[in-house]
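For reference, the structure discussed in these notes is given below.
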Amino acid sequence: MKNRLLKWGTFLAIALIGVISLARVSMPPNKIDVKQVAPKKSLVKKSQPTYRPYRDPATLRKPYDWRRSSEVRAYPKIKRIENDLTIRVSLKGNRVYILRNNERIYTMLASGGLFKKSKSLTPLGTFKIQGGRGDAFYNPNLNEGANNWTSWDEQNVYLFHSVPTKNNGKYNLTQARKLGKEPASHGCIRLSVADSLWLKDNIPTGTKVIIKNE
């Protein structure tokens, strides 16, 4: 009797294990919730358009100072007669470059003529430094003046000169702060006080001046 009960117990245990195994096999597998993570879009900063034919040199003064030289190094030495000099103006780039044999030897912060209907008030083209130079001027029609002027126009209408002065002779600080950043003049090329003085005292008459938008 005892043996028979053991046999039935063993049989029931084996049957129960089989049922449990069969149930596990027939159950659907658990779904794994995998969230698809969209790849992050890399944010690429769009660089601002540059209209300058040359990169700013490492010696450009930072922060800039409209009273002082544009570069922290000394101005280049200029002979009284030099046929290989060129002044290159970039109106949209707000820079003036002194070139020797087409190689840049100095960079100046500048502001040319305002753009009206996509056209600058500063004429484009090739010009020459004229004999007209002076320490200061004042235009009552514009209620504006400037110091250290050098003409590149036969009628002395268009000039290189310092940042503008008011009718009391003091510098217009609002306009001065635009130097090297944006076009701002009525057609002349504005320079820092130091740069305009150096150009007036050193650039020979007859030096070629090339003015372009870029």
Working to the nearest 0.5 Å, report the span between CG of Leu121 and NZ of Lys116. 5.5 Å

Side chain proximity check, Thr150 to Arg133, heavy atoms < 4.5 angstrom: yes

Hey, quick one: are Ile211 and Leu199 part of the same hydrophobic cluster, counting side-chain heavy atoms closer than 4.5 Å, chains of contacts allowed? yes

Is the number of heavy atoms from other residues, nucleotides or ligands under 6.0 Å of Leu142 CG greater than 12? yes

Under a 4.5 Å side-chain heavy-atom rule over Ile, Leu, Val, Met, Phe, Trp and Tyr, are Ile203 and Tyr158 clustered together? yes

Say whether Trp149 and Val193 are linked into one hydrophobic cluster, either directly or through other cluster members, by side-chain heavy-atom distances under 4.5 angstrom. no

Provide the closest heavy-atom pair for Phe115 versus Ser120 in the form atom of the first, atom of the second, distance. CD2-N, 3.5 Å

Heavy atoms from other residues, nucleotides or ligands near CG of Asn83 exceed 12 (cutoff 6.0 Å): no

Point-to-point distance, once rounded to the nearest 0.5 Å, from NZ of Lys170 to OG1 of Thr165: 12.5 Å

I'd like to check Ser90 versus Tyr54 (side-chain heavy atoms, cut-off strictly below 4.5 Å). Are they in contact? no

Within this structure, what is the CZ-CG distance for the pair Phe137 and Asn156, rounded to the nearest 0.5 Å? 11.0 Å

Lys200 and Asp135: CA distance, side-chain angles, deciding distance, salt bridge (charged side-chain N to carboxylate O under 4.0 Å, His left out) verdict: CA-CA 9 Å; Lys200 176 180 76 74; Asp135 296 330; 3.4 Å; yes

Pairing of Arg52 and Asp56 as salt bridge, 4.0 angstrom limit: yes

Check the hydrophobic clustering (I, L, V, M, F, W, Y; side-chain heavy atoms under 4.5 Å; chains of links allowed) and say if Leu179 and Ile189 are grouped together. no

Taking every heavy atom of Thr107 against every heavy atom of Ser70, the minimum-distance pair comes out as O-CB, 3.4 Å

Student check: side-chain heavy atoms of Leu109 and Asp195 closer than 4.5 Å: no

Heavy-atom count around Glu103 CD within 6.0 Å, excluding the residue itself: above 12? no

Heavy-atom pair with the smallest gap, counting every atom of Ala74 and Tyr106: O-CE1, 3.9 Å

Min side-chain heavy-atom separation Trp198-Met108 under 4.5 Å: yes

Pairwise side-chain contact, Phe127 with Asp153, heavy-atom cut-off 4.5 Å (strictly under): no

Do Lys212 and Val89 come within less than 4.5 Å of each other through their side chains, counting heavy atoms only? no

Begin with the C-alpha distance, continue with both residues' side-chain angles, and end with the deciding distance and a verdict on side-chain contact (heavy atoms from CB on, under 4.5 Å) for Arg100 and Asp84. CA-CA 5 Å; Arg100 178 180 280 139; Asp84 53 2; 3.6 Å; yes

Out of curiosity, Ser192 OG to Asp65 CG, how far, rounded to the nearest 0.5 Å? 8.0 Å

Treating Ile, Leu, Val, Met, Phe, Trp and Tyr as nodes and any side-chain heavy-atom pair under 4.5 angstrom as an edge, say whether Ile210 and Phe160 lie in one connected cluster. no

Heavy-atom pair with the smallest gap, counting every atom of Thr205 and Ile129: CG2-O, 3.5 Å

Any non-hydrogen side-chain atom of Lys62 less than 4.5 Å from a side-chain atom of Val72? no

Any ion pair linking Glu71 and Arg104 (charged N to carboxylate O, less than 4.0 Å)? no

Quick check against the 3.5 Å criterion: does Asn94 have a side-chain atom that pairs as donor or acceptor with the backbone of Lys181? yes

Measure the spacing between CD of Glu182 and OG of Ser111 and express it to the nearest 0.5 Å. 7.0 Å

Arg88 CZ to Ile98 CD1 distance, which is reported to the nearest 0.5 Å: 12.5 Å

Quick check: closest heavy atoms across Ala146 and Pro164, and the distance to 0.1 Å? CB-CA, 4.4 Å

Do the non-hydrogen side-chain atoms of Arg61 and Ser69 ever get within less than 4.5 Å of each other? yes

Any chance NZ of Lys208 has more than 12 other-residue heavy atoms, nucleotides or ligands included, within less than 6.0 Å? no

side-chain contact (heavy atoms from CB on, under 4.5 Å) between Asn172 and Val163: does it pass, once the steps are laid out? CA-CA 8 Å; Asn172 185 327; Val163 293; over 6 Å; no

Donor-acceptor pair, side chain of Arg190 and main chain of His161, under 3.5 angstrom: no

For the CG atom on Asn143, are there more than 12 heavy atoms of other groups (residues, nucleotides or ligands in this structure) within a distance under 6.0 Å? yes

In terms of heavy-atom contacts, Lys128 and Gln130 come closest through O-NE2, 2.9 Å

